[in-house]
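Everything below concerns the one structure shown next.
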Amino acid sequence: AQTVTQSQPEMSVQEAETVTLSCTYDTSESDYYLFWYKQPPSRQMILVIRQEAYKQQNATENRFSVNFQKAAKSFSLKISDSQLGDAAMYFCAYRSNNNDMRFGAGTRLTVKP
Amino acid sequence: KAGVTQTPRYLIKTRGQQVTLSCSPISGHRSVSWYQQTPGQGLQFLFEYFSETQRNKGNFPGRFSGRQFSNSRSEMNVSTLELGDSALYLCASSPRLQGFSEAFFGQGTRLTVV
């Protein structure tokens, strides 16, 4: 069974600094997709970034980028130039074709002014 | 374009009762998924519907059921409520069966069972 592990329950970063959130997953599939979602206090989950496993190039979305290490089954999220609005719960998620999305336990990110 | 709408936002029910939650997806989206979020278990997949057919189902008891209508709106029902069913229930819609598709989430329904 596919599992997603986020080993950092909480992280803190100073405004304008860079922070990296960790995620590892376990799968025997070769074709799958990885996502990072953000859940602010408003509760609405918002997609931050996604990666297709067959693509070796790491995805980037403005200040957000990933470090995808397929062999190590690692998918970390780097947030550069952190802003107060980045404070939220961040969930790493995995999905293979025709299967449900599996989420990690989440990392609560605090941004200090 | 309106986002995913879940109703009601908050609900309090008594143990043993049943409850129906509603989800209206983004216009044109045909896939609707439901998730249960609790502090202890995190986000757990309930089921996914596409074109009125259940395509995937999570590991939940038969008390949890759902359906999707021809306009893609979806409902989930929980019968014989237990205290442990207290959770945030999230609905997500996608234009097609999810795969690489982005899932757009609603704000959820907070269910409290007393």
Side-chain angles (χ1 to χ4, degrees), chain A residues 1-10 21 23-25 27 29-55 57 59 61 64 66 68 75 88-108, chain B residues 2-11 21 23 25-26 29 31-50 53-60 64 66 87-111:
Chain A
Q2 298 89 0
T3 58
V4 179
T5 302
Q6 292 180 251
S7 58
Q8 307 153 316
E10 295 184 359
L21 309 184
C23 173
T24 58
Y25 56 94
T27 184
E29 306 270 354
S30 58
D31 191 19
Y32 50 87
Y33 315 100
L34 297 164
F35 306 82
W36 277 98
Y37 277 90
K38 167 186 176 181
Q39 188 178 38
S42 68
R43 306 183 328 202
Q44 189 156 18
M45 300 272 283
I46 303 164
L47 178 68
V48 175
I49 198 166
R50 52 183 165 170
Q51 173 89 37
E52 293 169 281
Y54 73 87
K55 287 188 176 179
Q57 187 173 6
E61 287 287 342
F64 299 88
V66 298
F68 174 48
F75 183 61
M89 281 290 287
Y90 285 82
F91 293 94
C92 177
Y94 163 101
R95 185 178 180 124
S96 61
N97 283 323
N98 299 318
N99 284 312
D100 55 282
M101 190 174 285
R102 301 291 173 98
F103 287 87
T107 297
R108 183 174 300 280
Chain B
V4 178
T5 304
Q6 291 189 245
T7 56
R9 292 286 306 278
Y10 300 90
L11 203 50
L21 311 182
C23 173
I26 292 172
H29 285 196
S31 169
V32 174
S33 296
W34 289 88
Y35 298 85
Q36 181 195 66
Q37 186 176 19
T38 60
Q41 298 296 319
L43 274 155
Q44 292 186 287
F45 171 77
L46 281 155
F47 22 67
E48 177 179 18
Y49 287 87
F50 183 80
T53 302
Q54 188 179 89
R55 299 299 177 121
N56 281 302
K57 188 177 191 304
N59 189 26
F60 277 81
F64 291 81
L88 179 66
Y89 290 87
L90 293 170
C91 165
S93 79
S94 291
R96 49 195 170 276
L97 279 173
Q98 290 192 28
F100 192 55
S101 295
E102 176 180 353
F104 294 83
F105 284 82
Q107 288 191 287
T109 294
R110 171 77 66 187
L111 172 65

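All heavy atoms count here, side chains included; hydrogens, waters and symmetry mates do not. Chain identifiers are assigned alphabetically (A, B, ...) following the order of the sequence lines, protein sequences preceding nucleic acid strands; residue numbering begins at 1 within each chain.
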[X] [atom1] to [Y] [atom2] distance, which is reported to the nearest 0.5 Å:
X	Y	atom1	atom2	answer
M89(A)	Q37(B)	CE	CD	7.5 Å
F105(B)	Y37(A)	CZ	OH	5.0 Å
Q44(B)	M101(A)	CD	CE	15.5 Å

- Query: Can you say whether Y32(A) sits under 4.5 Å from chain B via the side chain, the backbone, both, or neither, judging by heavy atoms?
  - Reply: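 Looking at Y32(A), nothing touches chain B.
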- Note on the structure: Bottom line for Q51(A): the part with an atom under 4.5 Å from chain B's heavy atoms is backbone
- Least distance between heavy atoms, T109(B) atom then R43(A) atom: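 Heavy atoms only, the tightest pair is N-NH2, 4.4 Å.
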- Query: Do the non-hydrogen side-chain atoms of L88(B) and Q39(A) ever get within less than 4.5 Å of each other?
  - Reply: yes
- Task: Please say whether more than 12 non-hydrogen atoms of neighbouring residues, nucleotides or ligands are located less than 6.0 Å from CZ in R108(A).
- Result: no
